[in-house]
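Start at 1 with the first residue, then count along the sequence. Keep in mind that this is a model prediction, so the values were computed, not measured. Counting starts at 1 for both ligands and their atoms, following the listed order.
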Amino acid sequence: MKPIRKAVFPVGGLGTRFLPATKALPKEMLPVVDKPLIEYAVEEAREAGIEEFVFVTSRGKTAIQNHFDSHLELESALRAKGRDTELSAITNAVGSPGQFAYVRQMEPLGLGHAVWTARNFIGNEPFAVLLADDLIGGSSSTLADMAEIHAEHGGNVIALMEVPPADTARYGVVAPGDDDGRVVEVLDLVEKPDPADAPSNLAIVGRYILLPEVLDFLALGEKGAGGEIQLTDSMARLIGGAPFNGMRLRGTRYDCGTKIGFLEANVALALERDDLGGDVRTRLQKVLDDHRRDG
Ligand code: G1P
């Protein structure tokens with residue numbers, strides 16, 4: 001089995017849930033503690049051995065391109081001052097020339113359309129998709145774990161987690177077959193089903209390893225849930241033609257597409273930091289105590 005070399009990052013969304021913060025700033029650049037959301041996904045992909053990165057962007061997203069580019073002036077200023085920690089913090093994100101590519105989605109027609117927009121970059125090999133909104137905490141790279149499952153079983157692999165049954169309409173949902181507690185056979189996929197119609201409460205988290213054949217189905221441009229071209233619908237058409245497995249998530253997933261999930265991620269990741277965790281705990285406790293007193 002060949003390793004997965006390419007990853008697609010759909011970053012074309014308007015980020016309306018975070019207005020006014022996202023009026024002039026891409027939501028993917030919002031910091032979780034001190035690093036933009038998108039960088040967590042890029043790091044996870046790097047740890048999985050990804051060598052080529054394509055961002056499916058839209059108007060107003062150039063800050064993402066600047067972030068993954070060199071900033072020679074800032075680098076030399078930091079170097080001159082001996083600020084090595086900050087220097088490596090800004091150079092870590094930068095790839096080698098040609099490693100990062102950007103394509104414009106042009107119209108917000110859905111996640112499936114965004115992935116299809118990257119087709120010329122993907123070519124004819126299995127590839128990864130990472131949704132930066134889903135920040136996954138924990139020590140290992142989720143995509144690296146999925147790549148191991150792909151190496152063992154072949155075919156398609158998606159990340160899964162259990163959600164409250166009432167929440168299925170927010171996710172792609174799986175009809176599970178064989179299930180060893182870690183790897184789950186996928187028998188069917190439904191995008192955003194009402195709880196009454198959901199085949200289970202096992203939901204798709206935004207990490208995918210897909211065979212290039214999915215692009216043939218995406219090319220048909222058929223609209224699904226919410227009138228959008230859904231990735232889930234084209235993935236469902238791959239089932240039966242090649243292995244299709246889900247991997248239950250080990251780490252915690254923070255839904256940074258919502259305010260509450262974004263705030264939770266900031267608190268949780270700050271608490272984990274050696275340089276911040278103790279202070280954050282003390283201050284949070286004080287904030288909670290003050291609020292309790294006030295009211
Ligand atoms: C997308 C996918 C959905 C998946 C979710 C995970 O939905 O369409 O299948 O469960 O990401 O975050 P969105 O959150 O873009 O509506």
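Here F55 and F68 bring their ring centres to under 6.0 angstrom of each other.
The existence of a salt bridge linking E228 and K223 is excluded, since no basic side-chain nitrogen approaches an acidic carboxylate oxygen closer than 4.0 Å. Salt-bridge formation is detected for the pair K27/D133: a Lys NZ or Arg NE/NH1/NH2 atom is positioned less than 4.0 Å from an Asp or Glu carboxylate oxygen. Between R273 and D279 there is no salt bridge, since no side-chain N of the basic residue sits under 4.0 Å from a carboxylate O of the acidic one. In summary, E86 and K81 do not engage in a salt bridge, as defined by a charged side-chain N under 4.0 Å from a carboxylate O.
For ligand 1, the polar-atom distance check against E191 finds a nitrogen or oxygen pair separated by under 3.5 Å. The shortest N/O to N/O separation between Y171 and ligand 1 does not fall below 3.5 Å. Between D134 and ligand 1, at least one pair of N/O atoms sits closer than 3.5 Å. For ligand 1, the polar-atom distance check against G206 finds no nitrogen or oxygen pair separated by under 3.5 Å.
Considering CD of E222 and OG of S234, their distance stands at 7.5 Å, rounded to 0.5 Å. The distance from the CG atom of L143 to the OH atom of Y208 is 12.5 Å, given to the nearest 0.5 Å.
Short contacts between ligand 1 and R253, defined as distances under 4.0 Å to a heavy atom of the residue, involve ligand atoms 12 (O). Taking every heavy atom of K192 and a limit of under 4.0 angstrom, the matching atoms of ligand 1 come to 7 (O), 8 (O), 13 (P), 16 (O). Ligand-side atoms of ligand 1 in range of T232: 9 (O), range being under 4.0 angstrom from any heavy atom.
Among protein heavy atoms, the minimum distance from atom 1 (C) of ligand 1 is reached at L131 CD1, 4.0 Å.
When the heavy-atom distances from atom 10 (O) of ligand 1 to T258, T168, I204 are ranked, the shortest goes to I204.
By the definition of a contact as any protein heavy atom under 4.0 Å away, atom 7 (O) of ligand 1 is in contact. Distances from atom 12 (O) of ligand 1 to the protein include at least one heavy-atom value under 4.0 Å.
Remark: K192 is not positioned above the aromatic ring of Y171, lacking an NZ or CZ atom under 6.0 angstrom from the ring centre and at most 45 degrees off the axis.
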